[in-house]
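Reading through the structure tokens given below for one structure.
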Amino acid sequence: MPLTFNKSERLCSKKILGELFKKGSASVQTFYLFPFRVLYMDAVAHAPQPAEISEAINTPAASLPAIVITVPKRMFKRAVDRNLIRRRVREAYRLNKSLLTRQESFPSNIAFLYTAKQIISFEEIEKGMKLALKKMAH
RNA sequence: AAUUCAGGUCGGCUUAUCGCGCCCCGCCUUUGGGCGGAGCGAGGAAAGUCCGGGCAGCACAGAGCACUCUACUUCCUAACGGGAAGGCAACCGGCUGGGAACGGCCGGUUGACAGAUAGGGCAACAGAAAAUAUACCGCCAAUUCAGUGAACAUUAAGCAGUCAUCAGUGAACAGUUUAGCGCAACUUCGCCUGACUGAUAACUGGUAACUGCUUACUGUUCACUGAGUAGGUAAGGGCGAACCGGUGGGGUAAGAGCCUACCGCCCAGUGGGCGACCAGUGGGGCACGGCAACCCUUAGGGGCUGAAAGACCAAAUAAGCGUCGGACGCGCGGCUGCUCGUCGCCAGCGUUCCGAAAGGAACAACACCGACGCGGGUAGGUCGAACGAGGUGUUCGGGUGACCGGCAUCCCAGAUAAAUGAUAAGCCAUUCUGCCGGGCGGCUCAGGCCAAACGGCGGGAGGACAGAACCCGGCUUACAGGUCUGGAUUGGAU
């Protein structure tokens with residue numbers, strides 16, 4: 001399992017994002033684990049087209065989950081701080097995503113909402129990320 | 001060397017591992033992509049989004065009005081509210097002239113620095129008064145009253161003096177006379193004594209006058225003080241952000257541009273400068289206060305919007321258009337009262353034309369349904385969008401300078417839910433601290449104690465402000481620390 005992080009693993013679609021953040025959606029599951037609030041959807045709920053299935057077979061990377069990281073501007077006024085937190089979270093996911101992908105099934109779309117009030121170190125973020133990934137894998 | 005001010009400049013470094021974006025090369029591939037490798041990859045402010053421009057769309061005859069921006073001058077620039085040089089004003093510093101008053105030169109900082117005799121408007125509070133002003137205090141002559149003082153006059157009183165007069169006393173003196181003495185005696189004479197008379201000086205008292213002094217009343221004049229009346233006065237005090245030119249002299253009752261000298265102000269010439277302005281001349285004779293960051297005037301500018309601009313491709317999908325195919329009228333009934341739709345019934349019934357009738361034809365094409373195509377444009381994507389008012393260098397040329405030109409050289413982020421990172425180790429600036437050395441200097445009970453700079457060894461902390469988003473030129477704001485240049489001050493050396 002390579003420790004890469006391609007464009008295909010980034011969740012950019014406005015449609016999926018709207019679906020993910022729509023309140024009360026049945027297909028979206030959520031939990032809170034310091035320092036994140038995690039939202040994720042299963043791939044089963046999002047019925048794939050036959051063409052997409054064939055592509056998924058051909059390209060293993062496409063089967064990886066797509067994630068989005070958000071850091072609220074309300075908490076951190078300066079762009080430098082938000083960038084720093086987002087990069088740390090992304091590194092934590094990149095280095096530990098095998099915890100998730102080793103499993104039989106895993107969510108297809110995940111959103112990590114950073115909810116801590118302070119800028120915390122990479123070690124703590126990585127610890128929280130591991131716990132969150134393990135929880136999603138079950 | 002230290003401190004400080006101004007300006008410029010830099011804005012941590014190295015290695016390893018794992019990653020990210022762009023782009024190029026090679027290989028593989030089921031053409032979607034995958035693998036490997038090379039290169040590049042945040043800032044001086046990327047920030048605020050305050051100006052100006054490029055670019056883009058829309059609008060647009062010309063002029064005016066309205067709105068809005070700018071505002072000492074000249075220049076630089078694509079342009080600017082930016083910059084450079086200069087002018088003026090205020091302030092600061094240094095040097096210097098002079099006896100002083102007061103200047104001169106140099107440097108620095110700051111200045112929305114056009115116009116207040118084009119017009120309108122405004123000015124809280126305080127203050128007497130805030131703009132064709134005003135008399136609160138103060139000052140001043142006049143006048144009324146009161147008081148004080150001085151001088152003069154009148155009157156009265158007292159004291160002193162002078163003179164006159166009256167009365168009294170009254171010496172010397174004169175006269176008469178008496179006694180004594182001198183001469184023998186008498187007369188005479190002389191001396192002397194007493195008395196009387198006269199008269200004078202003098203004294204005492206009275207009266208009148210005069211003079212001087214004192215006191216009192218009254219009056220007049222003058223001075224001062226106080227109060228009042230009606231005035232003068234803006235020199236002074238006081239009020240205020242600001243109050244009706246400043247200083248000296250004259251002048252005046254006191255004052256006042258009332259007069260005068262200088263300064264300021266206004267007007268008109270002269271000379272210098274592209275100009276702002278400067279220098280100087282003559283005249284006027286003090287009105288013409290402040291605010292234009294209130295309206296306004298003058299001069300110059302501004303069409304609006306803003307990359308979410310705009311151009312293009314295009315799954316989905318609505319309207320619309322085209323082609324092909326299907327179906328075809330009216331009516332009646334049921335299904336929910338109406339509408340629509342649907343199902344059923346063809347029993348009944350259309351209009352026009354042809355026909356005797358039977359029957360036929362037309363009205364009949366729209367509309368409706370379906371498929372395909374066009375169109376349209378959502379999701380998504382491409383361009384805009386990275387070669388440009390471009391960067392760097394230049395002991396090249398022009399210019400005081402901003403800057404311009406020449407030459408050389410370089411290609412230097414291009415993301416888009418948004419790359420440029422994470423981790424580890426080391427180094428460096430900085431900083432804290434322990435030990436050792438050091439010893440400015442301080443305390444001292446004279447034994448010692450404390451101890452700055454600096455040096456060595458060790459340990460710890462540890463990167464300021466801050467993240468491109470179409471591009472560029474500026475401005476503003478934030479910023480640990482390093483470094484360079486210049487000015488000033490202090491100290492040291494020569």
Side-chain angles (χ1 to χ4, degrees):
Chain A
M1 187 69 216
L3 299 176
T4 56
F5 188 68
N6 281 329
K7 183 69 180 292
S8 62
E9 299 181 50
R10 296 175 195 186
L11 180 53
C12 303
S13 166
K14 285 183 180 177
K15 206 163 156 187
I16 299 174
L17 282 171
E19 200 174 333
L20 195 59
F21 285 102
K22 193 167 68 182
K23 282 195 172 178
S25 176
S27 61
V28 176
Q29 290 173 274
T30 178
F31 62 89
Y32 174 76
L33 186 75
F34 180 82
F36 305 111
R37 170 169 289 280
V38 183
L39 308 171
Y40 62 99
M41 285 193 303
D42 282 333
V44 185
H46 185 66
Q49 298 294 321
E52 291 184 10
I53 291 174
S54 64
E55 287 174 9
I57 294 168
N58 294 331
T59 61
S63 65
L64 291 171
I67 70 161
V68 62
I69 303 162
T70 72
V71 182
K73 194 173 186 178
R74 197 175 42 177
M75 300 281 191
F76 304 96
K77 296 292 184 193
R78 288 177 300 184
V80 175
D81 300 335
R82 294 196 298 274
N83 279 348
L84 178 65
I85 292 166
R86 189 175 63 241
R87 284 163 179 167
R88 280 178 176 168
V89 172
R90 197 182 57 211
E91 283 294 303
Y93 172 78
R94 181 178 69 79
L95 296 172
N96 296 292
K97 65 183 176 181
S98 58
L99 291 174
L100 201 63
T101 53
R102 273 198 308 246
Q103 304 296 321
E104 297 275 329
S105 67
F106 45 82
S108 63
N109 299 303
I110 313 171
F112 293 97
L113 313 184
Y114 186 85
T115 55
K117 298 275 197 301
Q118 290 88 24
I119 302 171
I120 61 179
S121 69
F122 178 76
E123 295 175 5
E124 291 185 68
I125 290 176
E126 192 174 28
K127 201 167 65 186
M129 177 61 75
K130 282 179 182 172
L131 291 173
L133 291 177
K134 280 177 188 168
K135 183 161 183 167
M136 267 188 289
H138 285 303

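Just so it is clear, the model here is predicted, and its values are computed rather than measured. Naming: A, B, ... by sequence-line order, numbering from 1 per chain.
Nucleotide B:U148 forms a Watson-Crick or G-U wobble pair with B:A223, both donor-acceptor distances falling under 3.5 Å. Within the shown strands, B:A261 is the pairing partner of B:U247 under the Watson-Crick or G-U definition, both distances less than 3.5 Å. The base-pairing partner of B:C58, taking Watson-Crick or G-U wobble contacts with both distances under 3.5 Å, is B:G303. Of all nucleotides present, only B:C20 satisfies the Watson-Crick or G-U wobble test against B:G41, with each distance under 3.5 Å. Of the nucleotides present, B:G426 is the one that pairs with B:C13 by Watson-Crick or G-U wobble criteria, both distances under 3.5 Å. Using N1 to N3 plus N6-O4 or O6-N4 for Watson-Crick, or N1-O2 and O6-N3 for G-U wobble, each under 3.5 Å, B:A493 pairs with nothing. Base pairing annotation: B:G190 forms a Watson-Crick or G-U wobble pair with B:C181, both donor-acceptor distances under 3.5 Å. B:A268 is paired with B:U281 under the criterion used here, namely a Watson-Crick or G-U wobble arrangement in which both key atom distances are under 3.5 Å.
Taking the O4'-C1'-N9-C4 or O4'-C1'-N1-C2 dihedral as appropriate, B:G447 has a value within 90° of 0 and is therefore syn. In textbook terms, a nucleotide whose glycosidic angle is within 90° of 0 is syn, and B:G257 is one such case. Glycosidic conformation, B:A42: syn, with the torsion inside 90° of 0. With a glycosidic angle no further than 90° from 0, B:G32 counts as syn. Applying the 90° criterion around 0 to the glycosidic angle, B:G269 comes out syn.
Annotation: B:A287 and B:U132 have their C1' atoms spaced 11 Å apart (nearest Å). If you take atom P in B:C40 and the same atom in B:C50, they sit 39 Å apart, rounded to whole Å. Spacing between B:A1 and B:A453 at atom C1', rounded to whole Å, works out to 14 Å. Across the P atoms, B:C465 and B:C92 are found 40 Å apart, a figure rounded to whole Å. Distance check on atom P: B:U4 versus B:C435 gives 32 Å, rounded to whole Å. Comparing B:C69 with B:G81, their C1' atoms are spaced 9 Å from each other, to the whole Å. Comparing the same atom, C1', in B:G390 and in B:C471 gives a spacing of 11 Å after rounding to whole Å. Nucleotides B:A89 and B:G280 place their P atoms 14 Å apart, quoted to the nearest Å.
Looking at A:R37, its side chain never comes within 3.5 Å of a backbone N or O of A:F112 through a donor-acceptor pair.
Of the candidate nucleotides B:U423, B:A468, B:A42, B:U423 has the atom lying nearest to any side-chain atom of A:R88. With B:C18, B:A466, B:U423 as the choices, the nucleotide that has an atom nearest any side-chain atom of A:E91 turns out to be B:C18. The listed nucleotides are B:A424, B:G421, B:G467; the one nearest the side chain of A:R78 is B:G467. Nearest to the side chain of A:V68, among B:A417, B:A422, B:C18, sits B:A417. Here B:U420 is the nucleotide among B:A417, B:U420, B:C18 with the atom lying nearest to any side-chain atom of A:R90.
No continuous path of ILVMFWY side-chain contacts below 4.5 Å connects A:Y114 to A:V80, so the two sit in separate hydrophobic clusters. Under the 4.5 Å side-chain heavy-atom criterion for grouping Ile, Leu, Val, Met, Phe, Trp and Tyr, A:I67 is connected to A:Y32 within one hydrophobic cluster.
Within the 4.0 angstrom heavy-atom criterion, base atoms lie near A:R87.
Regarding A:L95, its CG atom lies at a distance of 10 Å from the P atom of B:U423, rounded to whole Å. The distance from atom CD1 of A:I85 to atom C1' of B:A422 is 15 Å, rounded to the nearest whole Å. Spacing between atom CD of A:E126 and atom C1' of B:C18 amounts to 12 Å, rounded to whole angstrom units. The separation between A:K77 atom NZ and B:A47 atom P is 18 Å, rounded to whole Å. Here B:G421 presents its P atom at 15 Å from CG of A:D81, a figure rounded to the nearest Å. Rounded to an integer number of Å, the gap from A:L84 CG to B:U420 P is 11 Å. The separation between A:R94 atom CZ and B:U17 atom C1' is 10 Å, rounded to whole Å. Between A:R82 atom CZ and B:A418 atom P the separation is 13 Å, expressed in whole Å.
Of all heavy-atom pairs spanning A:A92 and A:E126, the tightest one is CB-CA, 4.0 Å. The heavy-atom pair separating A:L33 from A:A132 by the smallest distance is CD2-N, 3.3 Å. Shortest non-hydrogen contact noted between A:L39 and A:L113 is CD1-CD1, 4.4 Å. Closest non-hydrogen pair, A:V71 versus A:R86, comes out as CG2-N, 4.2 Å.
Nearest-nucleotide positions on RNA chain B place A:E123 closer to the 5' end than the other of A:E123 and A:V80. Nearer to the 5' terminus of RNA chain B, by closest-nucleotide assignment, is the contact made by A:F122 (compared with the other of A:N83 and A:F122).
A salt bridge between A:R88 and A:E91 is absent, with no side-chain N of the basic residue lying under 4.0 Å from a carboxylate O of the acidic one.
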